[in-house]
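In what follows, a structure is listed as structure tokens, so that the remarks can point back to it.
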Protein chains: 2
Amino acid sequence: MKVNARELESLMGYNARRVWLAVLGRFGERMGVRGLKPAEFSVLLLVSHNPGITSRQLCASLDILPPNLVRMVHMLQERGLVERRAHPRDGRAVGLHAPPAGLALTREAVRVARQVEADVTGSLTQAERATLSRLLRKVAGPNPGR
Amino acid sequence: MKVNARELESLMGYNARRVWLAVLGRFGERMGVRGLKPAEFSVLLLVSHNPGITSRQLCASLDILPPNLVRMVHMLQERGLVERRAHPRDGRAVGLHAPPAGLALTREAVRVARQVEADVTGSLTQAERATLSRLLRKVAGPNPGR
DNA sequence: TATTGTTATACTCTATAACTATA
DNA sequence: TATAGTTATAGAGTATAACAATA
């Protein structure tokens, strides 16, 4: 017996979630063995591209709450992917930096992410893929922070 | 200090998640007072459109695990939005049906969902919105079930 | 007084194992 | 033996409150 899901599948929120879950699953398959989850990847990527970034800035950029970032940074630090250094101007803050190992894993993870993206959007033409990427980004918009 | 998130924001998975979170948040604001969460909405919608659908079919269609569906159905049942009836042919199974109250809330929730969708995609033209919807659906594809 | 970062904790969502009743 | 549905429970992800150190 076939289930009628037409109206549900016509909703963009529902489809956006399914696309996200598809990406999540495939990324996990390929990067899970390296112990890097999507959320940790996003943190590592921002640290790599923003040497000295603080926890507060990471939280605002990624819409993560400070208490939930602590464990992620701690994990990345324990694996030698991120270093914590005293902030030059603010004694309360800690600047995060990616040592060579962190930068290397970032590059590899980005390659995996792009490959996952290509796999998930395999049913699209190159032009459609570019359009989808552009429109999604336009809707997601700039992060207003908190 | 401006955070460089260019590469992160160029990833479709990341943007798909942000679009989903935007929809999630707005839907919660408007339907939360009615006690209907997005996951429960999807269950109610499928029951409304598929009278007699079983838990197993719901789980396969929505990619939900059976134990996690139990509470949702129970909640919907307690609110009089869903009814459980013995399956005509299979004594193990239970057919789910939406009484008038369930059908009414389904219609209202669909209206809210479409309004949320319009709000979230407010930065898009009508043509872009249609394109995004089509491409997202194409990527999300038919649910292969489990 | 406000902010950075942390701990402890709770709540939700999701996942696994084991059980029953029926097929 | 396999399947539908359930219970109990464990693991993630996400949320709030309260605190120490610094601004």
Side-chain angles (χ1 to χ4, degrees), chain A residues 1 3 17-18 20-25 27-29 31-32 35-43 47 52-78 82-96 145-146, chain B residues 1 3 13-14 17-18 20-22 24-25 27-29 31-32 35-43 47 50 52-78 82-96 145-146:
Chain A
M1 183 242 195
V3 173
R17 176 170 178 269
R18 284 174 68 188
W20 161 242
L21 289 178
V23 170
L24 191 72
F27 187 87
E29 286 171 12
M31 290 303 294
L36 200 62
K37 300 175 204 167
E40 294 157 354
F41 163 58
S42 64
V43 169
V47 172
I53 193 172
T54 66
S55 293
R56 204 79 177 94
Q57 290 176 306
L58 279 172
C59 286
S61 298
L62 297 172
D63 214 355
I64 293 173
L65 293 171
N68 299 328
L69 184 70
V70 174
R71 262 182 303 186
M72 276 190 276
V73 170
H74 193 68
M75 189 285 286
L76 292 172
Q77 191 185 0
E78 274 188 337
V82 155
E83 285 176 6
R84 291 158 46 95
R85 303 187 197 155
H87 193 282
R89 299 180 175 275
D90 192 332
R92 299 167 300 180
V94 178
L96 298 171
R146 290 227 156 194
Chain B
M1 181 241 196
V3 173
Y14 178 75
R17 177 171 177 269
R18 284 175 67 189
W20 160 243
L21 289 178
L24 191 72
F27 187 87
E29 286 171 11
M31 289 303 294
L36 200 63
K37 299 173 204 170
E40 293 158 353
F41 163 59
S42 64
V43 170
V47 172
N50 299 272
I53 193 172
T54 66
S55 293
R56 203 79 177 91
Q57 290 176 307
L58 280 173
C59 286
S61 298
L62 297 173
D63 214 356
I64 292 173
L65 293 172
N68 300 328
L69 184 69
V70 175
R71 262 182 303 185
M72 276 189 276
V73 170
H74 192 68
M75 190 284 286
L76 292 172
Q77 191 185 359
E78 275 188 337
V82 155
E83 285 176 6
R84 292 158 45 96
R85 303 185 196 157
H87 194 281
R89 301 178 174 277
D90 192 332
R92 299 168 300 181
V94 178
L96 298 171
R146 291 225 153 193

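Just so it is clear: chains get the letters A, B, ... in the order the sequence lines come, proteins before strands, and each one is counted from 1.
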d([atom1], [X]; [atom2], [N]) in whole Å:
{"X": "I64(A)", "N": "dT16(D)", "atom1": "CD1", "atom2": "P", "value": "15 Å"}
{"X": "I53(B)", "N": "dG5(D)", "atom1": "CD1", "atom2": "C1'", "value": "15 Å"}
{"X": "L21(B)", "N": "dT14(D)", "atom1": "CG", "atom2": "P", "value": "8 Å"}
{"X": "L58(B)", "N": "dT6(D)", "atom1": "CG", "atom2": "P", "value": "11 Å"}
{"X": "L24(B)", "N": "dG13(D)", "atom1": "CG", "atom2": "P", "value": "16 Å"}
{"X": "W20(B)", "N": "dT14(D)", "atom1": "CH2", "atom2": "P", "value": "13 Å"}
{"X": "Q57(A)", "N": "dT3(C)", "atom1": "CD", "atom2": "P", "value": "15 Å"}
{"X": "E40(A)", "N": "dG13(D)", "atom1": "CD", "atom2": "C1'", "value": "12 Å"}

Output a table of nitrogen or oxygen pairs between the protein and nucleotides 18-23 of chain C separated by less than 3.5 Å.
unit_1: dA23(C); atom_1: OP1; unit_2: G91(B); atom_2: N; d: 2.8

Original post:
Do the side-chain N or O atoms of K37(A) get closer than 4.0 angstrom to the phosphate oxygens (OP1, OP2) of dA12(D)?
Top reply: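 For dA12(D), neither OP1 nor OP2 has a side-chain N or O of K37(A) closer than 4.0 Å.
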
**OP:** Please figure out whether M72(B) or R71(A) has its closest DNA chain C nucleotide nearer the 5' end.
**Re:**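 Going by which nucleotide is closer to the 5' end, it is R71(A).
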
**OP:** Name the residue closer to the 5' end of DNA chain C, choosing between R17(A) and R84(A) according to the nucleotide with the nearest heavy atom.
**Re:**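 Its nearest nucleotide lies further toward 5', so the answer is R84(A).
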
List in chain and number order the residues that pass side-chain contact (heavy atoms from CB on, under 4.5 Å) with [X], two or more places apart in sequence or in another chain; answer none if no residue qualifies.
{"X": "V3(B)", "result": "L46(A), N50(A), I53(A), Q57(A), S61(A)"}
{"X": "P67(A)", "result": "L65(A)"}
{"X": "A93(B)", "result": "T54(B), H87(B), D90(B)"}

Original post:
In Å, rounded to the nearest 0.5 Å, how long is the span from CG of L69(A) to OG of S55(A)?
Top reply: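 Nearest 0.5 Å value for the CG-OG distance: 5.0 Å.
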
Subject >> Atom pair CD/CZ of E78(A) and R71(A) - distance to nearest 0.5 Å >> reply: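 So the gap between those two atoms works out to 12.5 Å.
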
Subject >> With sequence neighbours excluded, residues passing salt bridge (Lys or Arg N to Asp or Glu O under 4.0 Å) with E29(B) >> reply: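 In terms of salt bridge (Lys or Arg N to Asp or Glu O under 4.0 Å), with neighbours along the sequence ignored, E29(B) is linked to no residue.
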
Subject >> Partners passing salt bridge (Lys or Arg N to Asp or Glu O under 4.0 Å) against R85(A) (at least two apart in sequence or in another chain) >> reply: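 So R85(A) forms a salt bridge (Lys or Arg N to Asp or Glu O under 4.0 Å) with E83(A).
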
Original post:
Of all the nucleotides listed (dG5(D), dT6(D), dA15(D)), which has the minimum atom distance to the side chain of R56(B)?
Top reply: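 It is dG5(D).
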
